[in-house]
2 protein chains.
Amino acid sequence: MTQQLTEQQKELIEKIGVFHEQNGMQPLMGRILGLLLVLDDAEATFDEIIDYLKVSKSAVSTALNFMQIKKQVAYRTKPGERKRYFYLTIKHWERDVEKELLHIVEIKNLFKDVIAVRGDKKPEVNQSIHELCLFLEYLNTRIPVLFENFKKMLNKPQG
Amino acid sequence: MTQQLTEQQKELIEKIGVFHEQNGMQPLMGRILGLLLVLDDAEATFDEIIDYLKVSKSAVSTALNFMQIKKQVAYRTKPGERKRYFYLTIKHWERDVEKELLHIVEIKNLFKDVIAVRGDKKPEVNQSIHELCLFLEYLNTRIPVLFENFKKMLNKPQG
DNA sequence: AAGCCAGTTCACTTTTTGGTGAACTAAAAA
DNA sequence: TTTTTAGTTCACCAAAAAGTGAACTGGCTT
């Protein structure tokens with residue numbers, strides 16, 4: 001029998017799950033993220049996940065495979081054991097946050113298409129869309145700088 | 001009869017719709033966004049939306065109300081006419097982009113909760129989460145600066 | 001070679017979502 | 001006052017998403 005989760009842990013898993021659900025992630029995946037964050041050893045086997053979250057094998061299998069493709073989750077095995085210990089690839093949080101930032105910028109291409117298609121009946125509107133595109137382009141150039149400067153700040157604090 | 005959309009316009013509406021759908025927006029709302037972006041006069045009445053997008057009154061009513069609450073859409077009336085001309089509040093794109101950036105930062109609070117709950121069995125994991133929080137805090141402070149510097153750049157180009 | 005372990009696959013069920021149509025409402029027009 | 005216009009509400013329906021359970025697979029163990 002797998003160890004019990006505290007009430008606190010359960011609540012937090014749920015909150016994390018709901019947060020990710022609202023961001024378009026499938027419910028179970030959000031809870032697996034929460035579970036692996038909240039567990040002291042930051043990993044769990046297939047059967048432990050089933051046990052903790054009270055879901056079926058197939059649901060867990062599907063969710064984990066998807067999350068592995070998306071590089072959110074990986075697994076290791078312990079010598080002599082066959083079962084997989086799944087864990088979050090949280091050490092690559094930079095890559096993930098960068099992806100989120102780039103995603104904001106992504107819509108720029110659609111706005112460019114919009115500009116190409118629009119007539120000039122409403123110049124103020126065209127101007128707004130144009131400015132937005134300029135900003136997104138600017139933001140795009142600043143993303144790497146944000147990470148660089150953050151690292152600098154970490155090394156020499158109060159800089 | 002409402003004027004016909006060109007193939008190009010239809011395609012672009014669909015692309016914009018799909019993009020927003022994948023970001024958790026309801027399908028019809030995404031297409032309304034696309035429609036109002038693509039139309040030369042950047043506005044449409046209730047019945048025109050029904051006509052262009054081939055959907056029911058109730059669907060449009062629900063979608064528009066929601067989008068008005070979210071401040072994505074507003075309407076005006078023309079003197080002497082009763083019907084509403086709905087348009088995108090695109091001139092407030094700064095507010096919207098800022099909201100998206102803040103949304104990335106939002107998860108910081110959950111990670112803080114995670115840190116509070118986690119034991120110290122896996123210090124590397126705790127360290128990663130901690131660094132992530134620091135970065136999100138840093139990003140949070142940089143968001144207003146991004147907009148400020150963009151505006152400066154607009155005023156004196158190549159600066 | 002027989003059985004087991006750790007997961008996978010797939011047909012099916014349940015739940016959620018998105019949308020429809022008809023009846024309704026409030027304000028303006030006739 | 002009745003009708004029309006412009007939109008709203010709500011009970012219902014269809015489709016899509018999410019999850020279940022049972023049968024299956026492929027590598028290890030005995």
salt_bridge(B:Lys15, A:Asp113) N-O dist < 4.0 Å: yes
Anything under 3.5 Å between a protein N or O and an N or O of nucleotides 26-30 of chain D, put it in a table, one pair a line.
from: D:dG27; atom 1: N2; to: A:Arg82; atom 2: NH1; distance (Å): 3.1
from: D:dG27; atom 1: N2; to: A:Arg82; atom 2: NH2; distance (Å): 3.2

task: Calculate the interatomic distance between B:Lys57 atom NZ and D:dC10 atom P; express it in whole Å.
output: 16 Å
message: Regarding A:Lys83, tell me which of base, sugar-phosphate or nothing describes its non-hydrogen contacts under 4.0 Å with the strands shown.
response: sugar-phosphate
message: With a strict under 4.0 Å distance from non-hydrogen atoms of chain B, what nucleotide opens and what nucleotide closes the contacted stretch of DNA chain C, reading 5' to 3'?
response: C:dG18 to C:dA28
query: Is it the case that A:Lys78 places NZ or CZ above or below the six-membered ring of A:Tyr85, under 6.0 angstrom from the centre and within 45 degrees of the axis?
result: yes
Between P of D:dG7 and OH of B:Tyr75, the distance in whole Å: 8 Å
message: Could you go through B:Ile13 and B:Leu33, starting from their C-alpha distance and side-chain angles, then the distance that decides it, and tell me whether this counts as side-chain contact (heavy atoms from CB on, under 4.5 Å)?
response: CA-CA 8 Å; B:Ile13 290 170; B:Leu33 280 186; over 6 Å; no
message: Can you confirm whether more than 12 heavy atoms, excluding those of A:Phe66, are under 6.0 Å from its CZ atom?
response: no
- request: Mark yes or no for whether A:Ser61, through its side chain, and A:Lys57, through its backbone, hold a donor-acceptor pair below 3.5 Å.
  value: no
field: Spacing of A:Phe66 atom CZ relative to D:dG19 atom P, expressed in whole Å
entry: 13 Å
query: A:Lys122 side chain to B:Asp41 main-chain N or O, any donor-acceptor pair under 3.5 Å?
result: yes
- request: Kindly check if the number of other-residue, nucleotide or ligand heavy atoms within 6.0 Å of CG (B:Asp120) is above 12?
  value: no
Salt bridge B:Lys151-B:Glu148, side-chain N to carboxylate O under 4.0 Å: no
- request: For DNA chain D, determine which residues of residues 25-50 of chain B have any heavy atom closer than 4.0 angstrom to one of its atoms, and list them numerically.
  value: B:Phe46
- prompt: Can you tell me if OH on B:Tyr75 sees more than 12 non-hydrogen neighbours from other groups inside 6.0 Å?
  reply: no
- prompt: When we call it a touch if two heavy atoms are under 4.0 Å apart, what does A:Val60 touch: a base, just sugar-phosphate, or nothing?
  reply: nothing
Donor-acceptor pair (no angle test) under 3.5 Å: A:Ser56 side chain, D:dG21 base: no
message: Strictly distance-based, threshold 3.5 Å: is any side-chain N or O of B:Arg118 a donor or acceptor partner for the main-chain N or O of A:Leu37?
response: yes
- request: Give the rounded distance in Å between these two atoms: CZ of B:Phe86 and P of D:dA6.
  value: 12 Å
query: Salt-bridged, B:Glu94 to B:Lys99, with N to O below 4.0 Å?
result: no
task: Tell me which nucleotide among D:dT8, D:dG21, D:dG19 gets nearest to the side chain of A:Ser58.
output: D:dG21
